[in-house]
Undergrad: 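First the structure, then my questions, so here it is.
Throughout, protein chains are lettered first and strands after them, A, B, ... in sequence-line order, and every chain is numbered starting at 1. As a basis for the values below, the full set of heavy atoms in this structure was taken, side chains included, without hydrogen atoms, waters or symmetry mates.
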Protein chains: 2
Amino acid sequence: MDEVLKNMDPEKRDRIINAALEEFAESGYKKASTNIIVKKAGISKGLLFHYFDTKESLFNYLEKYVVNTVIETLENEIDWSETDFFNRLMQVAIIKGRLTLRFPKVFEFFTTILTDKSIDEIYAYREDFAPGLLEKVYVHNIDYSKFKPDLDMERTMKIINWVIEKYSMELLDDLLKKKNYDYDKITADFEEYMKILKKAFYK
Amino acid sequence: MDEVLKNMDPEKRDRIINAALEEFAESGYKKASTNIIVKKAGISKGLLFHYFDTKESLFNYLEKYVVNTVIETLENEIDWSETDFFNRLMQVAIIKGRLTLRFPKVFEFFTTILTDKSIDEIYAYREDFAPGLLEKVYVHNIDYSKFKPDLDMERTMKIINWVIEKYSMELLDDLLKKKNYDYDKITADFEEYMKILKKAFYK
DNA sequence: ACACCGTTGACCAATGTGGTCAACAAATAT
DNA sequence: ATATTTGTTGACCACATTGGTCAACGGTGT
């Protein structure tokens with residue numbers, strides 16, 4: 001399976017991957033239909049099972065490929081010298097936006113995978129695929145002395161994260177509907193939110 | 001169908017409703033299986049189709065019944081004399097928590113229904129079932145003069161809403177896992193978050 | 001002419017679908 | 001006690017969909 005995959009036309013591979021991501025994200029592993037996947041990908045049934053022997057191995061390949069791609073992209077594209085916490089999170093959100101343009105349903109796919117897993121399992125899953133990454137994003141080089149000293153930091157961090165998650169979600173939904181990607185406008189809008197949060201939580 | 005439903009044992013009706021809500025929420029209308037619904041509800045196939053002639057009419061009944069229940073509960077249980085914005089939103093969240101204890105998957109059911117609808121359609125849907133309610137929750141008797149005068153109010157309101165939505169979601173997930181409902185502890189924790197937001201956005 | 005290879009879609013047994021119905025059980029009326 | 005209605009069951013149906021196979025096709029290079 002592996003050597004045959006390496007030689008596949010990359011454009012076609014992305015089409016298959018996106019079709020499969022969409023179907024698995026929408027229906028979960030069991031109810032996802034290979035018939036629908038081939039229809040979405042615009043290929044024949046036979047071809048799908050030529051590249052991926054079974055539905056299960058397709059799912060496994062998908063998971064590995066897509067998780068690794070996301071992690072590598074984050075590792076490589078984050079500016080690790082950035083010291084401002086909000087700017088760091090903004091970078092992450094923007095990178096996620098670019099990934100969504102290439103793999104529209106990746107993050108819904110992740111959500112579906114993680115649904116029904118306990119918090120411990122989710123943590124283990126994350127550490128399995130990207131050991132230490134989460135901590136690195138949140139603390140490496142970040143200057144926490146900018147925050148007001150009397151804050152309930154645990155809850156404050158949760159609040160900031162929730163805001164960014166929700167904003168990103170609305171943003172990604174939007175990206176998938178309209179096709180244009182007005183980088184500057186999005187960044188400016190995002191910065192407005194960050195400004196409000198900074199005023200609220202920075203010294 | 002209607003008169004036969006009125007006479008149904010309410011405990012059994014709730015079991016059927018919750019089983020159907022769960023299955024529809026999980027799989028969407030088309031992929032939801034009536035076989036799984038009867039299994040979850042612990043009744044026979046025949047009985048489900050005795051009460052609800054078709055899968056479609058079951059879905060329609062569900063939608064009406066559950067939307068009306070949620071709206072009536074909100075209308076009746078909100079303390080409309082409350083003037084503090086954060087307390088108002090906290091009340092809504094707590095009422096949602098109580099509803100989740102009775103209908104564990106209602107809000108996931110709503111989410112599934114609304115997925116793939118455009119923003120305009122969602123707005124129309126809401127106005128169709130609960131005309132004016134949303135506005136009433138957000139403005140009726142609320143004292144907005146407590147907010148700092150120089151705020152970007154549109155974005156600030158979004159932020160507050162996002163925080164409460166996310167907090168509620170985590171709370172509801174939690175409620176479904178553990179069965180106990182430590183009202184006081186939850187309220188206290190919630191109030192901590194509100195305190196942070198008030199310090200950030202109130203004068 | 002041949003071999004090779006990516007690709008197709010009709011085809012398969014197996015499982016699942018929404019819905020029916022004759023028959024049983026329990027309550028209710030006579 | 002008996003007859004009647006009401007609530008409930010699950011085996012059963014025709015049909016759709018499932019994951020997966022395979023003989024055949026068209027194109028490319030030799």
Undergrad: What class does the angle between the rings of A:W80 and A:H140 fall in, given that below 30° is parallel, 30 to 60° is tilted and above 60° is perpendicular?
TA: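 Rings of A:W80 and A:H140: perpendicular, as their planes differ by over 60°.
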Undergrad: Find the distance A:F49:CZ to C:dC5:C1' and express it as a whole number of Å.
TA: 20 Å
Undergrad: How about B:K199: does its NZ atom have over 12 heavy atoms from other parts shown lying under 6.0 Å from it?
TA: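 Atom NZ in B:K199 is not packed in, count stays at 12 or less.
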Undergrad: Both B:L48 and A:Y29 contact DNA chain D. Which one's nearest nucleotide lies toward the 5' end?
TA: B:L48
Undergrad: If you only use heavy atoms from C-beta on, which nucleotide in C:dT8, C:dG18, D:dT8 is closest to the side chain of A:S44?
TA: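 The nucleotide sitting nearest to the side chain is C:dT8.
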Undergrad: OP1 or OP2 of C:dT17 less than 4.0 angstrom from a side-chain nitrogen or oxygen of B:S33, does that happen here?
TA: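 The answer is yes; a side-chain N or O of B:S33 sits under 4.0 Å from OP1 or OP2.
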Undergrad: Kindly say whether the aromatic ring centers of A:Y202 and A:F86 come within a distance under 6.0 Å.
TA: yes
Undergrad: Got a donor-acceptor pair under 3.5 Å from the side chain of B:K45 to the base of C:dG18?
TA: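 Side chain to base: pair present.
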Undergrad: Tell me which nucleotide among D:dT8, D:dG19, C:dG6 gets nearest to the side chain of B:K12.
TA: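 The answer is D:dT8, which lies nearest to the side chain.
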Undergrad: Could you check which of C:dG19, D:dG19, C:dG6 has an atom nearest any side-chain atom of A:T34?
TA: D:dG19
Undergrad: So if I take every side-chain heavy atom of A:Y51 and compare against C:dG18, C:dT7, D:dG19, which nucleotide ends up nearest?
TA: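 From the listed options, C:dT7 comes nearest.
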Undergrad: Could you tell me which non-hydrogen atom of A:F49 sits nearest to which non-hydrogen atom of A:K55, and how far apart they are?
TA: CE2-N, 4.0 Å
Undergrad: Side chain of B:T54 only, please: which of D:dG20, C:dG19, D:dT8 is the nearest?
TA: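 Taking heavy atoms from C-beta onward, the closest nucleotide is C:dG19.
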Undergrad: Please give, in whole Å, the distance from D:dC12 C1' to B:N35 CG?
TA: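 Result: 13 Å.
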Undergrad: Please tell me which of B:G42 and A:L47 maps to the more 5' nucleotide of DNA chain D, matching each residue to the nucleotide holding its nearest heavy atom.
TA: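 Whichever sits nearer the 5' end wins; that is B:G42.
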Undergrad: Expressed in angstrom and rounded to an integer, what is the separation of B:K39 atom NZ from C:dG18 atom P?
TA: 12 Å
Undergrad: Could you give the CG-to-C1' distance, from B:L58 to C:dG19, as a whole number of Å?
TA: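 After rounding, the reported distance stands at 13 Å.
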Undergrad: Using the rule given for salt bridge (Lys or Arg N to Asp or Glu O under 4.0 Å), can you reason through B:K198 versus B:D84, listing the C-alpha separation, both sets of side-chain angles and the distance that settles it, and then say yes or no?
TA: CA-CA 10 Å; B:K198 281 182 187 175; B:D84 186 88; 3.7 Å; yes
Undergrad: In whole angstroms, how far is the P atom of D:dT18 from the NZ atom of A:K55?
TA: 9 Å
Undergrad: Over how many whole Å does the gap from A:I36 atom CD1 to D:dT17 atom P extend?
TA: 9 Å
Undergrad: Using Watson-Crick and G-U wobble pairs with both distances under 3.5 Å, what is the 5'-to-3' dot-bracket string of DNA chain C, with [ ] for crossing pairs and | for pairs outside the strand?
TA: ..|||||||||||||||||||||||||..|
Undergrad: Determine whether the side chains of A:N18 and A:K105 contain a donor N or O and an acceptor N or O closer than 3.5 Å.
TA: no
Undergrad: Any donor-acceptor pair under 3.5 Å linking the side-chain atoms of B:K31 with those of A:S27?
TA: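 A pair is found: one side chain offers a donor N or O, the other an acceptor, under 3.5 Å apart.
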Undergrad: Rounding to a whole Å, what distance do you find between A:D53:CG and D:dT21:P?
TA: 8 Å
Undergrad: Between P on C:dT15 and NZ on A:K30, what's the gap in Å once rounded to a whole number?
TA: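 One finds 12 Å between P of C:dT15 and NZ of A:K30, rounded.
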